[in-house]
Q: 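Would you mind keeping the following structure in view while I ask a few things?
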Amino acid sequence: MSEFTIDIEKQLTRLGKDIQDFVERVVPLEDKGHDFTPTCDIIESDDTYAIKLDLPGLSKKEINIALQEHVLTVKGERTEDLSENEVFRRQERATGVFSRSFALPENVNAAETDAVFRNGVLTITMPKSETARNATSIPIK
């Protein structure tokens with residue numbers, strides 16, 4: 001792969017993130033508090049794609065993963081409930097509703113997608129395949 005191709009891919013990735021950030025500011029998610037966007041890594045190997053999202057403070061029951069028409073969407077909500085006699089003096093950790101969507105390549109075998117949630121990190125692994133198969137919901141292990 002040439003440097004020009006790699007630079008174009010980086011610029012397109014940055015443009016996509018900028019557009020997503022803009023849309024989320026203009027059309028905010030329904031939320032009682034502050035929306036947050038979990039950080040993620042996307043990793044490709046010879047046989048798989050993997051997406052890792054940092055979701056500290058959540059349980060796997062609070063996370064929903066859906067895959068429809070080659071778009072993987074991870075949704076959930078992180079809340080911080082205070083008792084009656086507590087008040088925030090400083091709140092730096094973001095709370096609220098989140099939704100992250102990822103366009104997947106055509107060669108992903110969606111039917112064999114695997115999701116594991118461990119130590120606050122959600123790892124979604126998708127094997128590559130010559131023939132695309134669809135799945136609509138992915139259970140978290």
Side-chain angles (χ1 to χ4, degrees), residues 1-84 86-141:
M1 207 181 285
S2 72
E3 280 188 42
F4 179 73
T5 305
I6 292 170
D7 188 49
I8 292 290
E9 287 180 10
K10 286 180 183 178
Q11 295 300 323
L12 288 174
T13 300
R14 178 176 288 147
L15 176 63
K17 175 129 178 60
D18 290 345
I19 291 170
Q20 181 176 356
D21 291 344
F22 175 75
V23 169
E24 288 175 357
R25 279 191 307 253
V26 173
V27 184
L29 300 171
E30 293 178 20
D31 180 27
K32 300 173 256 174
H34 310 93
D35 291 332
F36 79 102
T37 303
T39 57
C40 76
D41 295 327
I42 300 174
I43 304 161
E44 180 180 4
S45 71
D46 291 339
D47 301 327
T48 63
Y49 295 99
I51 298 174
K52 293 185 176 192
L53 287 111
D54 288 341
L55 299 170
L58 292 176
S59 70
K60 65 182 182 180
K61 294 177 183 176
E62 297 171 306
I63 304 166
N64 180 283
I65 305 172
L67 181 59
Q68 193 168 30
E69 298 183 23
H70 291 286
V71 176
L72 178 78
T73 302
V74 181
K75 296 180 181 181
E77 181 175 8
R78 183 166 67 186
T79 60
E80 185 69 38
D81 297 324
L82 301 178
S83 65
E84 282 186 34
E86 293 178 319
V87 61
F88 281 110
R89 293 293 180 211
R90 175 181 294 194
Q91 184 178 13
E92 294 182 358
R93 297 180 311 132
T95 59
V97 175
F98 70 89
S99 178
R100 294 290 309 259
S101 294
F102 305 91
L104 302 179
E106 291 292 323
N107 67 338
V108 167
N109 183 350
E112 293 183 23
T113 297
D114 186 42
V116 176
F117 187 63
R118 190 171 296 128
N119 297 327
V121 178
L122 176 65
T123 303
I124 304 166
T125 307
M126 300 156 285
K128 293 180 180 179
S129 173
E130 294 301 319
T131 59
R133 289 183 242 158
N134 252 343
T136 56
S137 182
I138 300 165
I140 302 172
K141 298 178 184 175

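The basis for the numbers below is simple: all heavy atoms, side chains too, and nothing from hydrogens, waters or symmetry mates.
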Q: Tell me, with the steps shown, if E106 and H70 meet side chain to side chain contact (heavy atoms under 4.5 Å, CB included).
A: CA-CA 7 Å; E106 291 292 323; H70 291 286; 3.4 Å; yes

Q: Nearest 0.5 Å please: distance from the CD1 atom of I63 over to the NZ atom of K75.
A: 14.0 Å

Q: Are R90 and E92 close enough, and set up right, to give a salt bridge (Lys or Arg N to Asp or Glu O under 4.0 Å), and what steps lead you there?
A: CA-CA 6 Å; R90 175 181 294 194; E92 294 182 358; 3.1 Å; yes

Q: Take I51 and M126, measure what side chain to side chain contact (heavy atoms under 4.5 Å, CB included) needs, and give me the verdict at the end.
A: CA-CA 9 Å; I51 298 174; M126 300 156 285; 3.9 Å; yes

Q: Nearest 0.5 angstrom please: L67 CG to L104 CG, how far?
A: 5.5 Å

Q: Quick check: does any side chain N or O of T113 sit under 3.5 Å from a backbone N or O of A110, one acting as donor and the other as acceptor?
A: yes

Q: For a quick test of reading the model, state the closest non-hydrogen atom pair linking F117 to L55 and the distance between them.
A: CZ-O, 3.6 Å

Q: Between K52 and I124, is any pair of side-chain heavy atoms under 4.5 Å apart?
A: no

Q: Would you tell me whether T39 and D54 have side-chain atoms, one donor and one acceptor, within less than 3.5 Å of each other?
A: yes

Q: Under 6.0 Å from the ring centre and within 45 degrees of the ring axis: does the NZ or CZ of K128 meet both conditions for the six-membered ring of Y49?
A: yes

Q: Using modelled atom types only, decide if a donor and an acceptor are shared between the side chain of E62 and the backbone of S59 within a distance under 3.5 Å.
A: yes

Q: Could you pull out the closest heavy-atom pair between P127 and E112, with the gap in Å?
A: CD-O, 3.5 Å

Q: Indicate the atoms forming the closest heavy-atom contact of R100 with P38, along with that distance.
A: NH1-O, 2.6 Å

Q: Assess whether side chain to side chain contact (heavy atoms under 4.5 Å, CB included) is satisfied between L122 and V74, documenting all intermediate values.
A: CA-CA 10 Å; L122 176 65; V74 181; 3.9 Å; yes

Q: Assess the residue pair I42 and E44 against the criterion (side chain to side chain contact (heavy atoms under 4.5 Å, CB included)); give the C-alpha distance rounded to whole Å, side-chain angles, the decisive distance to 0.1 Å, and a yes or no.
A: CA-CA 7 Å; I42 300 174; E44 180 180 4; over 6 Å; no

Q: Can you list the residues that meet the side-chain hydrogen bond (donor to acceptor under 3.5 Å, both in side chains) rule with R118, with sequence neighbours excluded?
A: none

Q: E86: which residues meet the side-chain hydrogen bond (donor to acceptor under 3.5 Å, both in side chains) condition with it, sequence neighbours left out?
A: S83

Q: Looking only at heavy atoms, which two atoms of S129 and N109 are closest? And how far apart?
A: CB-CB, 3.5 Å

Q: Under a plain distance cut-off of 3.5 Å, with no hydrogens placed, do T73 and S101 share a side-chain donor-acceptor pair?
A: yes

Q: Return the CZ to CD distance between R78 and E80, rounded to the nearest 0.5 Å.
A: 9.0 Å

